[in-house]
Each structure stands twice: as C-alpha cells, then as structure tokens.
Amino acid sequence: MAQELQGIAGRIRAYTSSNIYRKLCGALNTFIKPKLLPPELYGIWSLLTIIATYATYLQLGLRNAMFYRIPYHSSRGEEHTCQAIAATVFYGTLLPACCAAAALLGYALLADVSVVFGVGLAVIASGILLQWYYDFSYDYLASNKRFDILTRANVLRATLAMLLNIVLIYLFGIYGLYAAFLLTFAVMVAFFSRQRKLSIGREFSLRRYGQLIKTGLPIMLYNCTNELFGSASGLVVFWLLGKEQLGFFALTTVLFEFLMQIPEDARDVLDPHMMEHLASGREDIEQLFFFTPLLLTSYLMPFLVGAAYYLAPAAIMLLLPKYVPSIPAMKIIALGSLFYALAITCRGLIVAKNRQMGASLLTSLALGVNIGLSILFVKLGYGIQGVACGCFLAFAILFLLLIWRVKVIYAFDTRLLLKKLLPTLPPLVAMFLVIALLRFFPPFAHTPLLHECACLVIYSLVLFALLLLAARRHEPLRALGLHNRFFK
C-alpha cells in the first residue's frame, strides 16, 4: 500500500503544484483588483462572478458523472461507452449554457441597470460560453487522468490571467478586468481545442442524458459546496450590507478557495483511482481512500490554516489598507476551512456507493444553517464577521453530518470508527488551543505585523512537533519522510 500511496502522491504533487501556482497568481490578482478598484466596483465584480458561478450549475451534474463513470468503464475496457458518455455530456451541457448566455445578454440590453453593470452582464454572458468549453475539456481530461495536460493548462491560465489583469486593469479599470476575463478564457479554449485527446464523437443519447443527471446532479450539489457557501454568503452580505461590504467579504471567499485547493486537488486525483479500484473488486478503498486522507488532512491542513490566519492579515495591512475591515472575517473563515477540508475526504466513499443524493441533502441542510445563521448574526449587528461565523459553524456541522453518513453507508462499527477517528483529534485540539493561548498572551502586542509573524512561528513549531510525534505511530504520516529525517 505504501508504494501505491507514493505513486498517487507523486501525481497529486505535480497537479497540485500547478494549482498552487495558479492560486498564487490568483492571490496576486486578488491584490491587483482591490488595489486598482474601489470597494464598490470590486463589489460589482464579485456579484458578477457569483452570477457566472451559478450559471455553471446548469450543467446539472453531467460533467460530475462523467468524471466518475469514464474511469470506471475505461478500467473495464468499455471505450465505446466512454465516448458515448463524453458526447452526451458535451452536447447536453451546451444548450443550457447557450440559454443562460442569451438570458443574461437580454437582461443587460433591456433592464434599467448602470452602464458598468450592464457591460459586465454582457461580458459574463460571453464568458459562460467560453467557460462551458473550458470546463468540459478540463473534466474530460481529468476523467482520463491526463493531469499532465491539466498541469500545463493551470500554469498557462494563471500566468495569462495575471499578466492581463495587471496591464488591462491599470489601463482601463473595471472594463480592463472584463477584457482580461474574456481573453483568458478565449486562449484556454484555443489551448484545449488543440488537444487530440478531445475526440468525443457525435452520439447523443437522451436516455443516457437522464441517467447521467440522476448520477451527477447530487455529486455536483455535493462537490460545489464551497462555491455554494461562498456565493450564498456573498448574496447575504450584498442583500443586507451592500456592495462595499461585499467587496470586503469577497477577500474572505478568495482566501477560502485558496485554502481548499490542496484538499480538492487531492480528491480530484484520488477519485478516478478509487473508481478503478472499485471496478477491479479491491476491498481496501475505505482505508486507502478515506481514513488515510482523513489522517493526513487533519495533520497537514492546520499548517495552511495557521499561515492564512496570521499572514493574510499582515498582507492586508501592508498591501491593502483599505480592506482592513475584512481581517476579522478572514480569520474566522480560515479556522472554519479545516472542518470543510475534513468534510471533503468523505466525498469519494459516498460517491463510490452511489449515495450522493443523501449527501447532497445533508449539504443543503448545512447550507441552510449557514444562510440562517448569517442572516441572524447580521441582524444582531455583527456584520461580515457574523456571516463568517455562520460559515464556520456550518462547516463544522457539515463535517459531522458527512462522517455520520459514511458510517451509515458502510455500516462501520461505532467503536471501530471512533478508533479510526481518534488520531485525527490531537492536531485539531492543538490548533485551536495554540491560537487561543496566543490571543490571551500575545507576543509583540503593540507591533501588529511583528505580532502576526511571531505567532505564526510559535504556532508552526508546536504543530510541527506534534506531527513528528504522530509520525512515529502512524504509517501514512511516516510516508511523508519527516520521522526518518529528524530521528535518524
């Protein structure tokens, strides 16, 4: 198992490295946009991106079903079925994308909206069509485990978006941002259209279309939880607090998406392998694809959380002083992201047993809790910090609900499950305890930037010491090589 883990880990590292580069460039973009745009215009752009995000859900889970079914049928040598699935998804997602683009364009032309917002709607309408092709190509290549192509695509998109944003926003303001958005997707469409691996045929089956929606819609609702949480919270902020506060809150959403990159990339690489294991009759998927990722996430994710908790505020104070009001909400979201990262590890096992419908209902329940608590906390006067608290509590509830769902699906003995989960608790307790102690006993309290950096050093040393001790007992942590390096 260790050798298999190392092989998968290598693919995860290569693919994740490109996504981390993309997110780092995205972080620079995040700095550029609010730096060059006032909060009100940045709020408008945030609202437009929410609209674009919801438009992608019109694919009704077809791409999500393709992501799981193609590796399953491919491992059984059923290549004709794979091509038929790809063709059905290609044409089945094209029509709703065209309808959404036409509706937005019509609204932009006929409704009484500002020029800036109207042009933005027209840009998003065009972007929906470009993103349709990009998203299909990306998921099709991922389902065929062509992460080499996706790695290049991530680097190209990140570099291009960063350069275009710097130049065009500086020259043309928000209209330059619109142009950079369209040009980036246009180049990526050209990149994917040149890949020979995108031969999908022309067979569309209405019967298969319905089957794929039945399989994929719950997966989509389950997988897009982070986007739903972020966009729903953003709509609550826009509705109750206005565009300027949405501009502040948008930074918390960017931070959350950045933190989720590694957990989600790991699942994207693991899940096709898991489906192949399932098709071949392997019986070790629970340990290999659930308990091991859960343990690794619980020990490694706190390092990302700590970096975000302490460094993001320092970066805001130095580079974006106008956005200092977003710092408390960012810290709350950073802490809550740990629970969401742990919840992601449940996805593969649930989909493997085709029980994603129940999981999507639990996700909807957690989303409802998030919206309800966010509204309540805003009404109580806590502003965007209250919305962030609603997210934090909803993430924790989602994790507990999905753990319970996995237990029910796989009929795990309660004692066995608790025994497996117990090793994940020390880093969680340590993370919150160290952060709390550093709040009560702050080093360099009168120098904010030095305080944040000192806290990060202390926090990281404690968590690293805990990781080294745990590596002596748990094989997946030993596979990281830290124990041998520090205890020769």
Side-chain angles (χ1 to χ4, degrees), residues 17-53 55-56 114-135 138 150-192 227 230-231 234 243-244 246-261 308 311-312 315-316 318-323 326 330:
S17 295
S18 68
N19 271 319
I20 289 177
Y21 172 77
R22 180 166 63 89
K23 286 298 181 181
L24 289 174
C25 291
L28 181 57
N29 283 330
T30 302
F31 164 72
I32 293 168
K33 293 170 189 174
K35 187 71 174 178
L36 299 177
L37 298 174
E40 183 176 357
L41 289 181
Y42 189 50
I44 288 176
W45 174 249
S46 299
L47 182 60
L48 290 170
T49 57
I50 290 174
I51 294 171
T53 297
T56 63
S114 66
V115 174
V116 171
F117 191 63
V119 173
L121 287 174
V123 167
I124 294 300
S126 303
I128 286 172
L129 295 178
L130 294 172
Q131 190 168 358
W132 157 76
Y133 188 85
Y134 173 87
D135 288 341
Y138 200 100
L150 297 184
T151 297
R152 297 198 301 272
N154 285 335
V155 173
L156 174 60
R157 179 183 174 185
T159 305
L160 187 64
M162 179 178 63
L163 295 177
L164 288 175
N165 278 323
I166 291 173
V167 175
L168 296 180
I169 298 177
Y170 177 78
L171 292 176
F172 305 109
I174 193 168
Y175 296 105
L177 178 56
Y178 294 162
F181 172 78
L182 288 179
L183 286 172
T184 299
F185 272 115
V187 172
M188 295 313 301
V189 165
F191 172 81
F192 279 134
E227 295 173 347
S231 59
K243 289 182 286 188
E244 184 179 38
L246 177 59
F248 294 137
F249 189 78
L251 291 184
T252 69
T253 304
V254 172
L255 177 67
F256 175 66
E257 291 176 352
F258 182 82
L259 288 172
M260 290 303 101
Q261 192 63 63
L311 292 183
I316 294 294
L318 277 175
L319 304 175
L320 298 171
K322 291 187 298 184
Y323 288 81
S326 67
M330 293 178 76

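Start at 1 with the first residue, then count along the sequence.
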Side-chain heavy-atom pair F172, L177 within 4.5 angstrom cut-off: no
Point-to-point distance, once rounded to the nearest 0.5 Å, from CG of L318 to CG of L311: 10.5 Å
Shortest non-hydrogen separation from V189 to L130 and the atoms involved: CG2-O, 3.5 Å
Gap between atom CD1 of I44 and atom CG of L48 - 0.5 Å precision: 7.5 Å
Distance in Å, I169 CD1 paired with L41 CG, rounded so as to fall on 0.5 Å steps: 11.0 Å
Nearest-0.5 Å distance, OG1 of residue T159 to CG of residue L164: 10.5 Å
Nearest heavy-atom neighbours spanning L259 and A308: CD2-CB, 3.8 Å
Nearest heavy-atom neighbours spanning L168 and A180: CD1-N, 3.8 Å
side-chain contact (heavy atoms from CB on, under 4.5 Å) between Y178 and W45, intermediate numbers included: CA-CA 9 Å; Y178 294 162; W45 174 249; 3.8 Å; yes
Where S326 and T252 come nearest, the two heavy atoms and their spacing: O-CG2, 4.1 Å
Cationic tip of R157 above Y134 ring, under 6.0 Å, 45° of axis: yes
Closest non-hydrogen atom pair between I128 and A55, with its separation: CD1-CB, 3.5 Å
Any donor-acceptor pair under 3.5 Å from Y138 side chain to F192 backbone: no
Pairwise side-chain contact, V167 with L171, heavy-atom cut-off 4.5 Å (strictly under): yes
Nearest-0.5 Å distance that lies between atom CZ in F249 and atom OG in S46: 10.5 Å
Taking every non-hydrogen atom, the tightest pair across T184 and L160: CA-CD2, 3.9 Å
side-chain contact (heavy atoms from CB on, under 4.5 Å) evaluation trace for N165 with F181: CA-CA 8 Å; N165 278 323; F181 172 78; over 6 Å; no
K322 side, atom NZ; I316 side, atom CD1 - distance, nearest 0.5 Å: 12.0 Å
